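The chain is numbered in sequence order, starting from 1. Worth saying up front: this structure is predicted, and the values here are computed from it rather than measured.
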Amino acid sequence: MSTEADPRPSSARALAERRPSVPAQALPVHPPRTAPLPASLFPDPRGTATEPAAGPAPARGPVRTVAAAVCLALGVGLIGGAVAAGRQAEAPGRQSAAERDFAQGRTLWRTVPVDELFPRSVRAPGAGPGGADRRWTRVGVAPDGDCAGAFDPPLARALAPAGCTRLLRATYTDATSTTVTTVGLLVTDTDGAGMRALRTRFTTERLAERTDLMPRPYAPPGTVAERFGDAQRVSWRIGVLTDAPAVVYAVTGFADGRTDMPPQPAAQAVTRGATTAPAQSGAGHDASALADRMEAALRRALRAGTQEESR
């Protein structure tokens with residue numbers, strides 16, 4: 001009986017003959033496992049919602065639930081931040097107006113007439129001791145300049161962090177020519193944060209009450225105030241503004257040159273029942289009232305300048 005030759009090479013045929021015969025079995029085919037995608041936290045950008053898959057939704061594991069909660073929290077935070085930013089962008093006018101007013105305060109002295117900042121005559125009903133009316137007359141205006149020599153060294157060091165762009169001063173006398181008061185406007189070169197820091201220091205350390213931090217007077221020669229020197233200072237007030245780059249101050253003394261009166265801060269001299277010489281003579285009232293009117297004049301000029309720019 002003839003046989004047909006095996007076409008395989010001899011080596012392959014021999015290897016096949018040595019292997020045991022194993023019946024072939026069909027291997028099961030499993031589809032790849034894929035986790036179902038969570039529903040989107042954001043809507044379809046095309047404006048159509050995604051249809052859910054048919055059948056019951058598989059239960060979420062704890063890890064997947066936490067991840068979804070984190071995503072939701074992040075989404076809410078992003079949306080909240082965007083809303084807050086939008087509100088700030090919608091109402092920048094108040095902040096920008098304040099910034100413009102602050103910046104304008106640094107150059108206001110160049111354009112405002114001197115009689116607006118330092119009126120020739122100032123009346124203050126009820127501003128004197130016991131509610132008496134007061135009136136002051138301007139006797140001299142100092143040339144504007146820097147702050148060199150305008151303050152005692154301790155006060156100069158305390159004001160130094162704010163800088164000095166310009167210093168404006170004028171001196172007044174009361175209706176009887178008994179007291180004389182120098183009013184000063186120090187224009188700083190710092191920003192709003194610098195002015196707030198300076199005010200905080202003056203408040204917390206009570207610098208405006210220290211007798212070694214009194215401002216120096218301006219004594220126009222040939223006037224009733226020509227004898228108003230450092231030794232004649234009786235009462236004073238220093239105000240650090242935060243809505244303008246400015247420090248407003250006033251210092252009061254006697255026109256006759258007396259030096260035998262201990263100085264007292266205006267804030268203490270104007271208190272009800274005060275019996276000190278600065279209180280009863282009205283020196284503290286003069287310093288306090290004229291400083292108040294200097295601040296008011298400055299703010300009026302700032303408002304007028306802002307209204308002029310808005311036209």
Tell me, with the steps shown, if Leu155 and Met214 meet side chain to side chain contact (heavy atoms under 4.5 Å, CB included).
CA-CA 7 Å; Leu155 180 56; Met214 286 189 293; over 6 Å; no
Hey, does the side chain of Gln232 reach the backbone of Gly229 with a donor-acceptor pair shorter than 3.5 angstrom?
yes
salt_bridge(Arg120, Asp115) N-O dist < 4.0 Å:
yes
Separation of Arg216 CZ from Cys147 SG (nearest 0.5 Å)
12.0 Å
If you apply the rule side chain to side chain contact (heavy atoms under 4.5 Å, CB included), what do you find for Val139 with Val224, and how did you get there?
CA-CA 8 Å; Val139 297; Val224 68; 4.1 Å; yes
Has the side chain of Thr204 got a donor or acceptor atom that lies under 3.5 Å from a matching backbone atom of Thr200?
yes
Between the side chains of Asp286 and Thr252, does any donor sit under 3.5 Å from an acceptor?
no
Name the one of Thr211, Thr259, Thr182, Asp152 that satisfies side-chain hydrogen bond (donor to acceptor under 3.5 Å, both in side chains) with Arg233?
Asp152
Between Leu298 and Leu186, is there a shared hydrophobic cluster once you connect ILVMFWY residues whose side-chain heavy atoms come closer than 4.5 Å?
no
Closest approach of Phe102 and Pro245, non-hydrogen atoms and distance?
O-CD, 3.1 Å
Interatomic distance, Arg110 atom CZ to Arg106 atom CZ [nearest 0.5 angstrom]:
10.5 Å
Leu167, Leu159: one ILVMFWY side-chain cluster at the under-4.5 Å cut-off?
yes
Hey, are the side chains of Pro278 and Met261 touching, using non-hydrogen atoms and a 4.5 Å cut-off?
yes
With side chain to side chain contact (heavy atoms under 4.5 Å, CB included) as the test, pick out the partner of Val122 among Arg138, Arg135, Arg293.
Arg293
Is the backbone N or O of Asp256 less than 3.5 Å from a side-chain atom of Arg227, with the two atoms forming a donor-acceptor pair by type?
yes
Rounded distance [0.5 Å steps], CG in Leu108 versus CG in Leu117
6.0 Å
If we ignore hydrogens and angles and just use 3.5 Å, is the side chain of Thr271 paired with the main-chain N or O of Gln268 as donor and acceptor?
yes
State, yes or no, whether a side-chain contact exists between Arg134 and Thr179 at a heavy-atom distance under 4.5 Å.
yes
Keeping Thr171 on the side-chain end and Tyr218 on the backbone end, is there a donor-acceptor pair under 3.5 Å?
yes
Roughly how far apart are Leu290 CG and Glu295 CD, rounded to 0.5 Å?
12.0 Å
Polar contact flag, side-chain donor to acceptor under 3.5 angstrom, Thr190-Thr188:
no
Please report the closest heavy-atom contact between Pro220 and Ala225, naming both atoms and the distance.
CD-CB, 4.0 Å
Identify the heavy atoms of Phe118 and Met294 that sit nearest to each other, and give their distance.
CE2-SD, 3.5 Å
Where do Leu198 and Ala158 come nearest, in terms of heavy atoms and distance?
CD1-O, 3.4 Å
To the nearest 0.5 Å, what is the distance between CG (Leu185) and CH2 (Trp109)?
11.0 Å
Ala208 backbone acceptor or donor facing Trp236 side chain under 3.5 Å:
yes
Going through the checks in order, is the side chain to side chain contact (heavy atoms under 4.5 Å, CB included) test met by Arg199 and Arg196?
CA-CA 5 Å; Arg199 183 170 185 173; Arg196 289 190 292 272; 5.8 Å; no
Quick one: do Tyr249 and Val141 end up in the same hydrophobic cluster if we chain Ile, Leu, Val, Met, Phe, Trp and Tyr together by side-chain heavy atoms under 4.5 Å apart?
no
If hydrophobic clusters are built by linking Ile, Leu, Val, Met, Phe, Trp and Tyr wherever their side-chain heavy atoms come under 4.5 Å apart, do Phe151 and Leu213 end up in the same one?
yes
Run the side chain to side chain contact (heavy atoms under 4.5 Å, CB included) check on Leu302 and Asp243 step by step: do they pass?
CA-CA 10 Å; Leu302 285 173; Asp243 55 346; 5.8 Å; no
Got a second to check how far Leu207's CG is from Phe202's CZ, nearest 0.5 Å?
5.0 Å
Note: Val270 and Ser288 closest approach over all heavy atoms is CG1-CB, 4.3 Å
Are the side chains of Thr223 and Val180 in touch, meaning some heavy atoms are under 4.5 Å apart?
no
Treating Arg201 as the side-chain partner and Ala197 as the backbone partner, does any N or O pair qualify as donor plus acceptor under 3.5 Å?
no
When you measure from the side chain of Asp133 to the backbone of Gly126, do you find a donor-acceptor pair of N or O atoms at a distance under 3.5 Å?
yes
Do the side chains of Arg210 and Asp212 get close enough for a salt bridge, i.e. N-O under 4.0 angstrom?
yes
If every non-hydrogen atom of Pro129 is compared with every non-hydrogen atom of Gly282, which pair is closest and at what distance?
CG-CA, 3.6 Å
Exam field: side chain Ser235 to backbone Gln264, donor-acceptor pair closer than 3.5 Å:
yes
Following the transitive rule for hydrophobic clusters with a side-chain heavy-atom cut-off under 4.5 Å over Ile, Leu, Val, Met, Phe, Trp and Tyr, establish whether Val248 and Tyr172 coincide in one cluster.
yes
